[in-house]
Student: 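Take this structure first; my questions come after.
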Amino acid sequence: MKSKTNKTQTNKKMWGGRFQEKMSSIMERIGESISFDKRLYREDITGSLAHAKGLEKIGILSRDELKNIQKGLSQILHEIESGEFEFHSALEDIHMHIESRLTDLIGNTGKKLHTARSRNDQVSQDVRLYILKEIQEIRKLIFQLLETLLLRAEESVNTIMPGFTHLQVAQPIRASHYFLSYFSMFLRDYEELDNVEKTTSILVLGSGAMAGVNYPTDRDFLKNELQLNSISLNSMDAVSSRDHILQFLFFASQCMVHLSRFSEDTIIYTSQDYSYIQLSDSLTTGSSIMPQKKNPDIAELIRGKTARVISNLNSLFILLKGLPMTYNRDLQEDKISLFDSVDQLKISLEGITEIVKSMKFIPENMESALKKGFATATDLADFLVREKNIPFREAHELVGKLVEICVKERSNLFDLPEEKRKNLSDFFIGEEYFEAISLYNSCDKKDVYGGTAKNRQIEQIEFCKNKLQEIKIKSNKVFVI
Ligand code: ARG
């Protein structure tokens, strides 16, 4: 099924009027972007369809010509999607490929399509449409992750796990609190997409190469055709700005950093020394030499991909920083960073969702880590403050001494014999002592909005449920979850 497409290939460039010599092989190889920008084919066709309608509206195309262009473009769409379409680096980029194929298919009318347009406004428009489409895909993936985190939070209100600072056991938390901490991060990411959308959803067509076009292009009409929010104010800024890509890449980096932190937790919590959680076999790999190994590669890879995505943001910053106004060919490279970040982010979101879905806690290991880590020492000090009227600094000192004895005795607050506690203070005896150091009580004392007490967990879960419901209602118009 090859070869019927794209006859216009090698020697004759579509912009070749003034050129005598054939393009050198190195120019062709360095200049082509079709190897990566072919993924813009849909957006390029969508943009061209709107542009063609606009041309008909101002009398550049007749009705019949418009119809031919529409037919031709839909045939091209079909050819590309069915794999019949041939790509050649001689045709440089996706814009040239589609235009050239259109002329093959419908003859001279195809040559009218580029009236009142430059590839400079065209490529910017295509990329904007592409980002808007991918935002919807990414919204779905974040939403699924949020749903999964919330589900796990609901299931684990009664599971107690260690919370860390400095990677040292700090205080007990309900496992739901842990899941909801990531829910909060990814909710912010989801909401950040509104800003990216706002900067991206702009009509650029009509800006031409950089100064505008010599035709009365109805930009308002094009804006509505492409369902965009606003129209670019200045044609020079329009063809040279990549702020929308920067914003997207910043969003992607931030979201990846969140995914990477979760990955890091997973790597630590699954290690032998911790063993707080277990990953399902299906998400882990073995070692070719060590038969006992079960490695959390998926989390490590996501942590690794985060470096790539951050580099992509950095790469675009560097690409832009020295560019004189307006369009410069350097900008062709912007898409490499963008496409890679889109791919890495999407696969990573899927990966973390699977980890969250399948991870299993090992509560006894978490409990013993909490005990070993004196995680309720602060609660004991607070008990002295509250019940025994001891100033906090003194209480801190006293509990510090108790911890020191435990360390010497290779014991913990729970197992240290009563007489040893009593030696230090009469306050450290009886049932009230155990109540003061209880892991569950410690959580439930954190009864502040946003805290890890049970009722506060239920409150947070309720809030998050409503939030997801709101998102669902708002986005149902745009995507089906
Ligand atoms: N492939 C080019 C890009 O991605 C399209 C724009 C080309 N414009 C030009 N003036 N050569 O930037």
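All heavy atoms count here, side chains included; hydrogens, waters and symmetry mates do not. Positions are given from 1 along the sequence. Both ligands and their constituent atoms are indexed starting at 1 by order of listing.
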Student: So among Glu462, Arg174, His177, Lys446, which one has a side chain to side chain donor-acceptor pair (under 3.5 Å) with Gln457?
Tutor: His177
Student: Would you call Lys335 and Asp37 a salt bridge, using N to O less than 4.0 angstrom?
Tutor: no
Student: Under 4.0 Å between a Lys/Arg side-chain N and an Asp/Glu carboxylate O for Arg139 and Glu197?
Tutor: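 So Arg139 pairs with Glu197 through a salt bridge.
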Student: Between Gln247 and Asp243, do the side chains contain an N or O donor and an N or O acceptor separated by less than 3.5 Å?
Tutor: no
Student: What I want to find out is whether Lys357 reaches Glu155 closely enough, with some N-O distance under 4.0 Å, to be called a salt bridge.
Tutor: no
Student: Could you list, one pair per line, each nitrogen or oxygen of ligand 1 together with any protein nitrogen or oxygen closer than 3.5 Å, giving atom names and the distance rounded to 0.1 Å?
Tutor:
{"unit_1": "ligand 1", "atom_1": "1 (N)", "unit_2": "Ser33", "atom_2": "OG", "d": "3.4"}
{"unit_1": "ligand 1", "atom_1": "1 (N)", "unit_2": "Asp93", "atom_2": "OD2", "d": "2.9"}
{"unit_1": "ligand 1", "atom_1": "1 (N)", "unit_2": "Gln332", "atom_2": "OE1", "d": "2.8"}
{"unit_1": "ligand 1", "atom_1": "4 (O)", "unit_2": "Lys335", "atom_2": "NZ", "d": "2.7"}
{"unit_1": "ligand 1", "atom_1": "8 (N)", "unit_2": "Asn120", "atom_2": "OD1", "d": "3.0"}
{"unit_1": "ligand 1", "atom_1": "10 (N)", "unit_2": "Asn120", "atom_2": "OD1", "d": "3.1"}
{"unit_1": "ligand 1", "atom_1": "12 (O)", "unit_2": "Tyr327", "atom_2": "OH", "d": "2.3"}

Student: Determine the interplanar angle of the Tyr182 and Tyr178 rings, folded into 0 to 90°, and report it as parallel if under 30°, tilted if 30 to 60°, perpendicular if over 60°.
Tutor: perpendicular
